[in-house]
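Encoded as structure tokens, the structure appears first; notes follow it.
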Amino acid sequence: MGLLKVVDFAGLLVAMLLLFTVLLMGSVSGIGVNWGTQATHPLPPATVVKMLRDNGIQKVKLFDADSTTLNALKNSGIQVMVGIPNDMLNTLANSVQAAENWVAKNVSAHISSNGVDIRYVAVGNEPFLTTYNGSFEAITLPALQNIQSALTKASLSSQVKVTVPLNADVYQSTNDLPSSGNFRADIQALMVQIVQFLNANGAPFTVNIYPFISLYNNPSFPFDYAFFNGYSSPLNDNGRIYQDMFSANYDTLVWALQTNGYGNMSIIVGEIGWPTDGDQNANLLNAQRFNQGFMSRYLAGQGTPMRSGPLDAYLFSLIDEDAKSIQPGNFERHWGMFYIDGTPKYLLNIIANSNGLVAASNVPYLAQQWCIMSPSASLDDPQVGPSVSFACANADCTSLGYGTSCGSLDARGNISYAFNSYYQIQNQLARACQFSNLSVVTTTDPSTGDCKFRIMINVPTSMQSISSSVGSHKQPVGLLLFLSLFILSIL
């Protein structure tokens, strides 16, 4: 009898410990990161997963459901949000079977056989941006509903939640005070429908908040208000004090939800960060100031005036993406906390008592050589313009321009940078440094100051996105900017 009581008590203790462990696993509070893969030479997924774990990152948000990436996350202990690109929304909105097939292939299979801890499916990515002119307004909710139905049919709806990462432009305030927040008038009814559906299924509202974009779009935007310290004219909203744009923006969403009857709905900050190049305000100093400011508040469990508790957030982003579209701006390729080779850009503590970011390990590089403008070549050579145009159209010249890391280069430096960018992306092929007798290979690093002429990492050809696929990512904005600066520099 006494022995049975001891056994029962021991069993109870084990059960309680197991329950406690499950609860802990279900409430990961560490910071998440966005892992984008639009790079000409992406790091192997296994290398990235090790880097995530080395840095104590517990959650990752993906923009697709690439099987190689998901396989690398197997049994990693990292919680995953898989993504559905906008170009798939129409198919999923119009076919329940297509949604069931997608869930079976990209969620069920990885959870059951690969041990991937998938927690969310992100249906679309900022589908209601005004620049899309309403292209996805009629199909986002049906796609969301069909994916939810597919998860339910697969008996995964309690484990995997749907959400729609939305840009902060889906809500607004008529007087710049958070308490006047409501959803954008042209999509008000649609937003309420989506919120109702998410709430009914225990799913969160996901929002991307970018103080940098506010500063980029508005020259009159108060600079220090974009950060988390140093603003001398805080906003007073009926006694709630706002000293930074993030908190005011976040609480505008809280008020929009509250106004429409969903004031207690959970919120995920799907993207937040600061770029390090491609614009006069995109640099290492500002990025470190912003991201560390956010992380200090995050680690302290400090929320906003309307929601004082801990935040749920994903930093944007993990690694630079040198093949990303630059239509929004040249800074788009420079959001990473790490360069494309997995090297940390600046000191950033994303977990308590850390000594900064940990670099990717065992990364192989190409040879220590660069392609530059030949010392004997003339700036007046008629082939200079076409050669530079070709190089920048098929490589990455976004570090060239006013206020950028390489903005102080002279004409020859600009040309050399363009040549080397193309040369590295083309894996240092000999023919990639043959610009009409204008170029030459050197083993002397031409980097100067903050302007780095980078050596490309050596990754398997099957993983690379170069040649014509690279060109398809390029937009004329960066090229025109470069050529304008180049012309001015040689006058």
Side-chain angles (χ1 to χ4, degrees), residues 39-41 43 276-278 283-284 319-320 322-323 330 333-334 336 338-346 359-459 464 466 470 478-479 482-483 485-490:
T40 60
H41 293 65
L43 286 169
T276 57
D277 213 345
N283 54 56
L284 297 175
I319 308 170
D320 280 350
D322 66 342
N330 287 351
R333 294 177 181 168
H334 304 279
F338 296 83
Y339 292 109
I340 59 173
D341 62 352
T343 301
K345 294 182 177 180
Y346 46 81
S361 56
N362 301 316
V363 177
Y365 293 85
L366 299 178
Q368 292 290 302
Q369 56 190 41
W370 298 260
C371 179
I372 62 171
M373 186 178 187
S374 173
S376 62
S378 171
L379 290 172
D380 296 326
D381 191 307
Q383 292 302 313
V384 167
S387 295
V388 169
S389 295
F390 175 83
C392 284
N394 293 282
D396 181 19
C397 292
T398 56
S399 292
L400 298 172
Y402 174 71
T404 61
S405 64
C406 296
S408 62
L409 292 177
D410 60 14
R412 302 188 79 90
N414 280 331
I415 297 167
S416 292
Y417 188 95
F419 287 175
N420 185 65
S421 179
Y422 178 77
Y423 178 64
Q424 300 297 337
I425 283 178
Q426 294 296 324
N427 299 311
Q428 297 184 357
L429 294 175
R431 66 174 182 270
C433 192
Q434 295 176 354
F435 290 96
S436 303
N437 297 316
L438 295 171
S439 54
V440 64
V441 174
T442 180
T443 55
T444 301
D445 188 352
S447 300
T448 174
D450 291 333
C451 181
K452 306 301 182 184
F453 284 59
R454 301 199 175 276
I455 297 291
M456 185 54 70
I457 60 175
N458 190 0
V459 299
Q464 297 177 18
I466 58 176
V470 175
L479 177 57
F482 168 79
L483 291 177
L485 289 162
F486 165 71
I487 292 171
L488 288 172
S489 70
I490 61 175

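Note that these values count all heavy atoms, side chains included, but never hydrogens, waters or copies made by symmetry.
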Please report the shortest heavy-atom distance between [X] and [Y], naming the atom on each side.
X	Y	value
Ile457	His41	CD1-O, 3.1 Å
Val363	Ala360	CG2-CB, 3.7 Å
Gln424	Met456	OE1-N, 3.1 Å
Ala432	Phe435	O-CE1, 3.3 Å

Can you tell me if [X] uses its side chain to pair, donor with acceptor, with the backbone of [Y] under 3.5 Å?
X	Y	value
Thr442	Thr444	yes
Asp322	Thr40	yes
Ser374	Val440	no
Ser387	Gln383	yes
Asn283	Thr276	no

Please indicate whether Asp450 has more than 12 foreign heavy atoms, meaning atoms of other residues, nucleotides or ligands, lying under 6.0 Å from its CG.
-> no
Within a reach of under 6.0 Å around CG of Asn437, are more than 12 heavy atoms found that belong to other residues, nucleotides or ligands?
-> no
Ser416: what forms a side-chain contact (heavy atoms from CB on, under 4.5 Å) with it, not counting sequence neighbours?
-> Ile372, Met373, Phe453
Quick one: [atom1] on [X] to [atom2] on [Y], what's the gap to the nearest 0.5 Å?
X	Y	atom1	atom2	result
Lys452	Tyr339	NZ	OH	8.0 Å
Ile415	Cys392	CD1	SG	10.0 Å
Gln426	Leu366	CD	CG	11.5 Å
Gln434	Tyr423	CD	OH	10.0 Å

Can Lys345 and Asp320 be counted as an ion pair, charged N to O under 4.0 angstrom?
-> yes
Non-hydrogen side-chain atoms of Ile425 and Asn394 separated by less than 4.5 Å = no
Please name the residue in the list Cys451, Ser421, Ser405 that meets the side-chain contact (heavy atoms from CB on, under 4.5 Å) test with Ser399.
-> Ser405
